[in-house]
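Let me begin by presenting the structure, written as structure tokens, before commenting on it.
Everything numeric here is computed off the predicted structure, so don't read it as measured data.
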2 protein chains.
Amino acid sequence: MLTRELGLFLKRVVFANNREFFRALQEAGISFTQLKCVGLLVEAGGPMSLGALSEELALSPAAVSRAVDGLVQRGELRREEDPEDRRSKIVSLAAKGRATYDRIIAVRLAGVRSFVEELEPGERDALGSALHPIIERLSL
Amino acid sequence: MLTRELGLFLKRVVFANNREFFRALQEAGISFTQLKCVGLLVEAGGPMSLGALSEELALSPAAVSRAVDGLVQRGELRREEDPEDRRSKIVSLAAKGRATYDRIIAVRLAGVRSFVEELEPGERDALGSALHPIIERLSL
DNA sequence: TATTGTTATACTCTATAACTATA
DNA sequence: TATAGTTATAGAGTATAACAATA
């Protein structure tokens, strides 16, 4: 029962916003995979090898190599040889990449915010009270 | 504050499950766009023209035409001329399409369910109590 | 020899444009 | 002439395989 209701809720909040989100991606001139590359580096909080990116994204090394290449050319990411293993490339976030990520994620959050604003005050309070301990416990 | 927490929550519940979801799609031999076509027909509760599908999916008529063509060939959907306007094609759900949709959506719901099962009883109750009136009011 | 990443090639999905049939 | 849908063509993104450099 809760599973079903939570499923409906997720669908409503996430997918209502999809069109604007993909338009924002297009305007930024960045692909969905490229956004995920940047996002992964943001969340990791530090550099990652190309192989690690490939693993996390569940994409082929070839695809990630191409995606990263585009981002490096645009100045969103940096790519350097690992001095400890020169086969490996270390990919890291440039300031521009961080800004691009924040800008696109803001579009997603705006969708969530507009949903929250549609809630009635009592609904909002109850949702906040329910989510807060979950977020805390799972360290989200 | 609630917006941010809800955003983290959504991300956690939806994307934790993505890998299995896309594997299920691949095993079903159906593309994401094709799943959305079928899903739209399921939710509409009746047939739609190809143009209406194209509009709802925000995809070109050409892309939807190809996606539907594949689904028709596999027996997931039916496509017939509209007797009232023979330029228009009426696309409707076949039993196989409905079954395919249910099977793939079950994978998504399994992800939601496993999240719900991770919750502690008090968290689960609070979340259910918060979501229920929202679902009711928005008729989700 | 094995591993990391890149390049070559083929495939899928998409949009735009040209086209067919119907209105 | 306009509209609904299909087919032709080109572009983006991906996987597999072949390759280069390093271990």
Neighbours of DNA chain C within residues 77-88 of chain A, by heavy-atom distance under 4.0 Å = A/Arg79, A/Arg87, A/Ser88
Nearest-Å distance for atom pair CG/C1', residues A/Leu59 and D/dA12 = 14 Å
By side chain to side chain donor-acceptor pair (under 3.5 Å) - contacts of B/Arg12 (at least two apart) | B/Glu118
Identify the heavy atoms of A/Gly7 and B/Leu109 that sit nearest to each other, and give their distance.
-> CA-CD2, 4.5 Å
In whole angstrom, what separates A/Arg66's CZ from D/dG11's P?
-> 16 Å
For the side chain to side chain contact (heavy atoms under 4.5 Å, CB included) test, which of A/Leu41, A/Thr33, A/Val91, A/Val38 pairs with A/Val68?
-> A/Val91
Output yes when a side-chain donor or acceptor of A/Ser129 lies under 3.5 Å from a complementary backbone atom of A/Asp125, and no otherwise.
-> yes
Using heavy atoms and a sub-4.0 Å distance, could you list which residues of residues 22-57 of chain B are near DNA chain D? By number, please.
-> B/Ser49, B/Leu50, B/Gly51
List the atom of B/Ile90, the atom of B/Pro47, and the distance in Å for their closest heavy-atom pair.
-> CG2-CB, 3.4 Å
Nearest-nucleotide pick for A/Ser65, side chain only, options being D/dT16, D/dT6, C/dT7 | C/dT7
Taken to the nearest whole Å, NZ/A/Lys89 to C1'/C/dT6 is 7 Å
Across the strands shown, which category fits A/Ala63 at heavy-atom distances under 4.0 angstrom: base, sugar-phosphate, nothing?
-> sugar-phosphate
So, does A/Glu123 use its side chain to make a donor-acceptor pair with the main chain of A/Glu120 at under 3.5 Å?
-> yes
B/Thr3 backbone acceptor or donor facing A/Arg113 side chain under 3.5 Å | no
With rounding to the nearest 0.5 Å, note down the distance linking CD1 in A/Ile134 to CZ in B/Arg124.
-> 10.0 Å
